[in-house]
Amino acid sequence: MEIRTFQPRDGPAVSGIIVRCLREVNSRDYPAEIIARMCAHFSDRRIEQLARERQMFVAAEEQAVVGTVSRDGNKVFTMFVEPTMIGRGVGRQLMHHIEGLAADEGYDHMETGASITAHEFYLRLGYADVRTSETEFGFNYILRKPLSRQRQ
Ligand SMILES: CC(C)(COP(=O)(O)OP(=O)(O)OC[C@H]1O[C@@H](n2cnc3c(N)ncnc32)[C@H](O)[C@@H]1OP(=O)(O)O)[C@@H](O)C(=O)NCCC(=O)NCCS
């Protein structure tokens, strides 16, 4: 599996993964109206716009995009793995990639907003709860993980 920088042509694939995750996975933890709002938000065009504002990455296997994550400095955004690929280490590899970049830039910690659905994943990766927040996209955990300059 390769982790590479998002290219504009990845917009539909990334948007598709996010929408499938929301409908098939996150829908267990959030009401239908929030899922619908998020699906409408993460259109191809919105993804391409976000990729200009943040550093966005994709995980690709045999040319197919199977996951995505983005970061703004030490802040994590849009962490999603194709539902059929969940539980195979794609999320961990994407997180290690951006944690390494942030550590190399001198950040001493990483911060993420986690859905209820992804909370255990982040705990497993060494993140700890800082606080919770309520957004237009529902309840979220805010977690942090210390970073060391040496890549893991
Ligand atoms: C959360 C998500 C990104 C995790 O990606 P993934 O590729 O499935 O995670 P990995 O396979 O790399 O898992 C890493 C570790 O976390 C654990 N883990 C992952 N999801 C978990 C969960 N829901 N509950 C408990 N443990 C979990 C794995 O078992 C693994 O543990 P290990 O140390 O024993 O190997 C993915 O499940 C997903 O896209 N979910 C839906 C979308 C979502 O909620 N995104 C986050 C928005 S904030």
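Whatever order the structure lists them in is the order used to number ligands and atoms, beginning at 1.
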Under 4.0 Å from atom 28 (C) of ligand 1, can you find at least one protein heavy atom?
no
Could you work out, for atom 30 (C) of ligand 1, the closest of Gln93, Arg92, Arg88 by heavy-atom distance?
Arg92
Heavy atom of Gly67, distance to ligand 1 below 4.0 Å
no
Other residues, nucleotides, ligands: >12 heavy atoms within 6.0 Å of Glu62 CD
no
Could you check atom 24 (N) of ligand 1 against the protein and tell me its nearest heavy-atom contact, residue, atom and distance included?
Glu120 CB, 3.3 Å
With no hydrogens and no angle check, just 3.5 Å: does a side-chain donor-acceptor pair link Thr78 and Ser70?
yes
Does the N or O separation between Val25 and ligand 1 drop below 3.5 Å for any pair?
no
Out of Asn26, Val69, Val81, indicate the one that has the non-hydrogen atom closest to atom 42 (C) of ligand 1.
Asn26
How long is the span from the CD1 atom in Ile18 to the OG atom in Ser43, to the nearest 0.5 Å?
10.0 Å
Atom 7 (O) of ligand 1: nearest protein contact (heavy atom, Å)
Gly91 N, 2.8 Å
Please tell me whether Ser133 and Asn140 have a donor and an acceptor in their side chains that are separated by less than 3.5 angstrom.
no
List the closest protein heavy-atom neighbour of atom 8 (O) of ligand 1: residue, atom name, distance to the nearest 0.1 Å.
Gly87 N, 2.8 Å
Atom 45 (N) of ligand 1 [closest protein heavy-atom partner, distance rounded to 0.1 Å]
Met79 O, 2.7 Å
Please state whether the rings of His119 and Tyr141 are parallel, tilted or perpendicular, taking 30° and 60° as the class boundaries.
parallel
For atom 11 (O) of ligand 1, what's the nearest protein heavy-atom neighbour? Residue, atom name and distance, please.
Gly89 N, 2.8 Å
Does Arg54, at its CZ atom, have more than 12 non-hydrogen atoms belonging to other residues, nucleotides or ligands within less than 6.0 Å?
yes
Protein contact to atom 23 (N) of ligand 1 [nearest heavy atom, distance to 0.1 Å]
Thr117 O, 3.7 Å
Would Ala114 count as a polar contact of ligand 1, with the cut-off being nitrogen or oxygen pairs under 3.5 Å?
no
If you measure from each non-hydrogen atom of Arg124 to ligand 1, which part falls under 4.0 Å: side chain, backbone, both or neither?
side chain
Would you mind telling me if ligand 1 is within reach of the side chain of Ser115, the backbone, both or neither, using heavy atoms under 4.0 Å?
both
Option with minimal heavy-atom separation from atom 18 (N) of ligand 1, where the choices are Phe80, Phe77, Phe137, Phe121:
Phe121
Any non-hydrogen protein atom below 4.0 Å of atom 35 (O) of ligand 1?
yes
Could you find the nearest protein heavy atom to atom 40 (N) of ligand 1 and give me its residue, atom name and distance?
Ile86 CD1, 3.9 Å
